[in-house]
Amino acid sequence: MLTGSKTTFKVRQMLPDIKERMLSQSGVNVRSRDVFGLRCLPGECVLQRAVMVRKKLTAREGRGWVSGTLFCTHFRVAFVPQDSPKPDDNADPVLLGDHDVALASIEKVVVVGPNRTKLVNPNSSLKFTPEELVLYCRDLRVICFLFDRLTPDAQVIEITYTIAKTYQPPKPGSVLSFQNAALGSVEMKQFLSNRRRDTHTNWFESASDWEQELERCGATGWRVSSVNDRFEMSTSLPRSIVVPQKLLDTELKKSFAHFHEGRIPRWCWRHPRGSDLLRMAGFQNNIYHEKDDIRNLEMILFGCQSSLCVVVELDEELPSPADIQLSHSRLRALCLGDISTSVSVPDDKWLSTLESTHWLDYTRACLRKASEVACLLRGGHLTVALQEADDRDMACVVSSLVQVMCDPHCRTQHGFQGLVQKEWVIAGHRFSSRINYHRDNDKEEAPVFLLFLHCVWQLSSQYPTRFQLTEDFLLALHDSIHLPLFSSFLANCQRERCKRSQNLGQSYTPVNGWRDVDSSSDPSDPPLPSVWDWSLQYSKHRRDRFTQPVPPIPPLQPLLNGNLNTHPDTHRPADTAPGSVFLLSRGTFSCPVNLLPWRGGGSGVYKKSHRRAASSENVPGLERLLKAWSMAELPKGLASTSAPQGPPDPYEPLLPLLMGPCMGLWKECYLRGALHAQAFSHPVSANHPHPVERLAREVQQLKDELAQASSGADPTPPPKAAEPRRADTNLNQNANNGTFLFPGSRPQSATAPRSAPPPTSANRQSSRGPPPPPASAPPTRHGHRDNGGGNKHTFLFGAPPPAEARPDQRYYPAPNAAKLPKSNGSSVAS
Amino acid sequence: MASPVSVYNASPMVDRLSSTSRESLKMELLADVSLLPGEERIIDKDIIYICPFNRAVKGKVLITNYRLYFKSSEADVVMALDVPLGAICRVEKMGGASSRGENSYGLEITCKDMRNLRFALKQGGHSRRDIFELLFKHAFPLSHGLPLFAYMTQEKYVENGWNIYKPMDEFRRQGLPNNKWRISFINKIYEMCDTYPTVLAVPKESKDEDLRRVAAFRSRGRIPVLSWIHRDNQASIARCSQPLVGMSGKRNKDDERYLDLIREANNTAKLTIYDARPSVNAVANKATGGGYEGDEYQNAELVFLDIQNIHVMRESLKKLKDIVYPNVEESHWLSSLESTHWLEHVKLVLSGAIQVADKVSSGNSVVVHCSDGWDRTAQLTSLAMLMLDSHYRTLRGFQVLIEKEWISFGHKFASRIGHGDKNHADQDRSPIFVQFIDCVWQMTKQFPTAFEFNERLLLTILDHLYSCRFGTFLYNCESARDQHEVRSKTVSLWSLVNSRMEMYLNPFYTPESGRVLYPVASMRHLELWVTYYIRWNPRIRQQQQSPVEQRYMELLALRDEYLKKLEELQQSDSPSSRLANIPTPNTTSSSSTSSTPPHQFTELHTPL
């Protein structure tokens, strides 16, 4: 496999003129690295450097200062700590080192001199030697370098000028030149062309990707349609859309005209209880509804539920993109302060000023709407259609939040990446316009996706143990948005993305899950990587912190034949007349006459039945579903002591608390620039056994003793032999590596022998069905190694990883009589 | 039926109540209260609890000499209230015999721990008279000539918490006495200062007569004495009360000389005196004979820390209670929170302590005082010591810190809390200690690996600050405690804590001696301690434990179960002493950190 050039490129001498320097790089091809140890990208050249510089470390980096060398290339400001290990020349290129910042991320350059602060722009001249260089980034990082007395003054001034002149001021055209600086070299292009795609993430680009998702969700009654394969039906919809099985493409084609931008109702997700989530744009007005049209429209909307549909109105209660933009810019100003004057909001007004940005209000509004939808879906047997006028902003937020709340798979890194692909990238969120990379469309700018990330962070901060992805991952995603390098964010829809990669006409079916980039595309345009190609951006060390071990998720139970489970607990709205449609708006249900324009018109065949359904007797049933959400906030008793409970039902939605005191600001992101002394590290010292481990040993001792005592003279083996899947047996087996700490390793794996092995990491590594792991080893051992815990307490969670992202093995047959052990506290002596 | 479908089960509204009949419910209603040894039933009664979060709930109330316990008798409401009588601030009658409206006749109870309770009784027949009188009597025993419950309890613990703090041991840990500091027993019979402990560390140069002369010039005789000394640079934290300067601007050569001795003890150019008060208040104190150190104190600089007095703090917390109980202010939560100024006060206390710690770690000795030196001074010195000395961040070390800086140096717990006293409007009451614990909590949030104890310890401390079950927080000073024989007649809170240490351990603790912690004292980084101040609101979910912590608790439960089973087996089986093998609860690494290696300081600057 070709991995591109391994060569490092260096400028050995500082040349007087930047332009000249930039030109000079291509000829240099040196295998050795200079003494300062920066490993350049192919084609990257160092414009300036300064030695003996100290960089201030954030809390996450371990605080304090680190000395090293500061570089400015035409792509980034790089910093190499003094004692950093010698980079491996043969490793794949990484765009940014741990301490680097891309020039395109820099928003302002500020220098601090003896008792003065100055904003530096390309034309400024310095009248003093800076002591400190502060880079304010678009992603809200603030990076601070301190020049020692040992740094030569000339270098200090030179590098400041160089950075000020080279960083990308927001202007049209700068994006392309930045992309070229990073990815434009022949070697880089070649390297990127040969990148393999992450096979754990569903990219939702092809029909088979969608089929995989239908299968994962157990959504029968739906099919993938390629009616929009050439974007003729709708320019902003993806090539593949999921529609009811009984609807033919020819019937489908007529429906596009009835929706804004042709964005017809499409299937997004199925709740394990059998409800389907759809999203659609607003109805086109002034269009005549033929009888056939009406039949098709109804069929699309009801999917395979055919009984009840709730249309959830998104425009009214949620912030508009303009609101979000205003709020976010206020928040930025509040968090960073006025950079040029170093004036910030006085501390005693912080809370009220934060409130007045409305950022938390908007976060709450999105979470509330998503919670309502999640509760409706939990009720089962209905279709929820999210309707937004253009279906490209808040629909993305709400539909993906609903899935994060309800589907544990979406709380894993790969599941979440798939979710963003499905509901944002492929669904046609206008990333390019909303982020406004080219600074050519300020009116359209609105960080809708950042609001979504804040909502996800809010959820994860309230349910820290239910997310496999971590705050580090969310931060990485947040920061990547501000880097105009990724195909994921540089287009407004799939069509634009395809156009760019010159693939428009080709039929594209990556059956094997990864694609070959067409290397014949215009060589002047570098192939853009996907944001999910994290190893391009982050070192292994940083990527390890993207996930944390969580208790394994029991696999979704397949819903065979669309036969939905009928659990007694299901709040089933009884006696719903077939074809009832309700509108959910402001927390209440109604059925306005013109909700579905074709029904109000008068000629519809459904009018009669609709009228029957419209009698509000069904509304209480639905309202009960919503009530469950407000009630869910109330615990059973008022006693404050809560005993540790068994593992919660993984498919119960994570409903957030939305009261003022429960809503916080994502400080690790938004206040990174503020001076900060928080520490969060979990070093595990070898000398001090972790308290959990100590206690675990003690429990183990007790257990052994108890087994001894209870057996007495009787030499029969302890009860574990009789019931091999008892949680405490698990505990016994793995006492040495601590993997027993999560009892919930999938019990079925032993009780119900299957042809397919459980998805241990061993066979998760390579996608295409390798031989099962040696049967002698307990499956937990394998999960242990790459559980993503990095340097954290990996040893605590040895259970197999969740059933995630394995294309060929997603569902497991429902084992007979397999009941999950509720907790580890099950009795031993019994 | 164990069908695989059950994975989808567990709607949070599942009714967990078993189908016991009403009758049996009533019978077992009060049986499930496990009374403490020495706790006695006073009265029980059918009553209606007017739950502010739900609806009125019928049930039964039990009052003992320690607690008020309510349990719902309604089949569909599972709820219980367990309130130590010590937490009750005020009991009032609500409505009269002729009041109209449902549930308008009853009792209204205001608690010291951020909640109020309302009970309704049947009108007529003076149905509330007996319960009101008995509750009033036992909630405020001192006002009725009754002993506090701490004197009635028969609880026994493996460890005697009264042994946790021995002044001489603590001085020795700090390396005292040494060639600059001596231990003085001048206050052995509380003769010089009745609110100070008996053992004091003072400059070696100073004679006992000097101390007496200084005592005459310091409010209530609370002379500057050493609280903590830095092992490496020998900079010290001394605490005292304000000098008695008065309107006429009196001077006292002995006091001036004495402060200079403190400075000379580690040979620094300047002694920094931190006056915790706002300068206006310090000036105003001159009118009542107090004041602050003026220019006559050579080689000393005076810094005011702008921390408000006990009355301001009391009102601030009252405002906070108004916006969180019973209902949380929904709209404009943040500006409402801002207007209570509670977090701002927390910030000022913390940033004062940071200044003290910073000064000391850079090698300068400091003297800290406010007016009397038992409220703000205790906050500042103890927080600064928590930042400077990792020993105090261990479970046992923290107990020592509280025993030393708060209890032995005479923070007036009895007056500030009003144990057993019916006078709810007493102007001496103030949540100074609560504020200190809040500051500690803020630090644990900012440095999650630096503290050996967890949030549960802080909550337990605050619960028993009021409960009167332990002698720890009773009375104003050591002399009063001696007089009431607290140590011999009551149980220490630390007996409870140290007998179940695992409950209070922070699994993430990473011992790291020698690092100075400087928390960020900025409104941007301080948080409201929701799980304390709003914990009675059922909508506040107790913060989910981290997986490790959760696992820890599960293991604890498992261990208890095994222990119980083993015990049962032994009783039924053989009398052999198998239990002897059971490992004792792990004592923690507190001892390993006490031998502090050379301090190595990481400086981090904080916006002040």
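Every chain is numbered from 1, with letters handed out A, B, ... down the list of sequences. None of these values were measured; they are calculated from a predicted model.
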Could you grab the distance from atom [atom1] of [X] to atom [atom2] of [Y], nearest 0.5 Å is fine?
X: I534(B); Y: C662(A); atom1: CD1; atom2: SG; result: 7.0 Å
X: E698(A); Y: E502(B); atom1: CD; atom2: CD; result: 7.5 Å
X: W350(A); Y: H525(B); atom1: CH2; atom2: NE2; result: 8.0 Å
X: D348(A); Y: E344(B); atom1: CG; atom2: CD; result: 5.0 Å
X: Q700(A); Y: Y562(B); atom1: CD; atom2: OH; result: 7.5 Å

Is there a side-chain contact between [X] and [Y] (heavy atoms, below 4.5 Å)?
X: E338(B); Y: K349(A); value: yes
X: N537(B); Y: M659(A); value: yes
X: L702(A); Y: L558(B); value: no
X: E527(B); Y: K667(A); value: yes

Item checked: Top of S352(A), P661(A), S356(A), G664(A) for chain B proximity - count of heavy-atom pairs under 4.5 angstrom -> P661(A)
Next item on the list: Heavy-atom distances under 4.5 Å only: say whether H332(B) touches chain A with side chain, backbone, both or neither.
Entry: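 For H332(B), backbone and side chain are both near chain A.
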Check: So what's closer than 4.5 Å to chain A heavy atoms on L348(B): side chain, backbone, both or neither?
Finding: neither
Checklist line | Most chain A-contacting option - heavy-atom pairs closer than 4.5 Å, from D82(B), L334(B), V530(B), L337(B) | finding: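 Looking at each option in turn, the highest pair count goes to L334(B).
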Notebook entry, point to check: Quick one: does D347(A)'s side chain have a donor or acceptor within less than 3.5 Å of a partner on S522(B)'s backbone?
Noted result: no
Check: If you take all heavy atoms of E355(A) and W333(B), which pair is closest and at what distance?
Finding: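 For E355(A) and W333(B), the tightest heavy-atom pair comes out as OE1-N, 3.4 Å.
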Notebook entry, point to check: Between L665(A) and chain B, which part of the residue has a heavy atom less than 4.5 Å away: side chain, backbone, both or neither?
Noted result: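 Neither part; nothing is under 4.5 Å.
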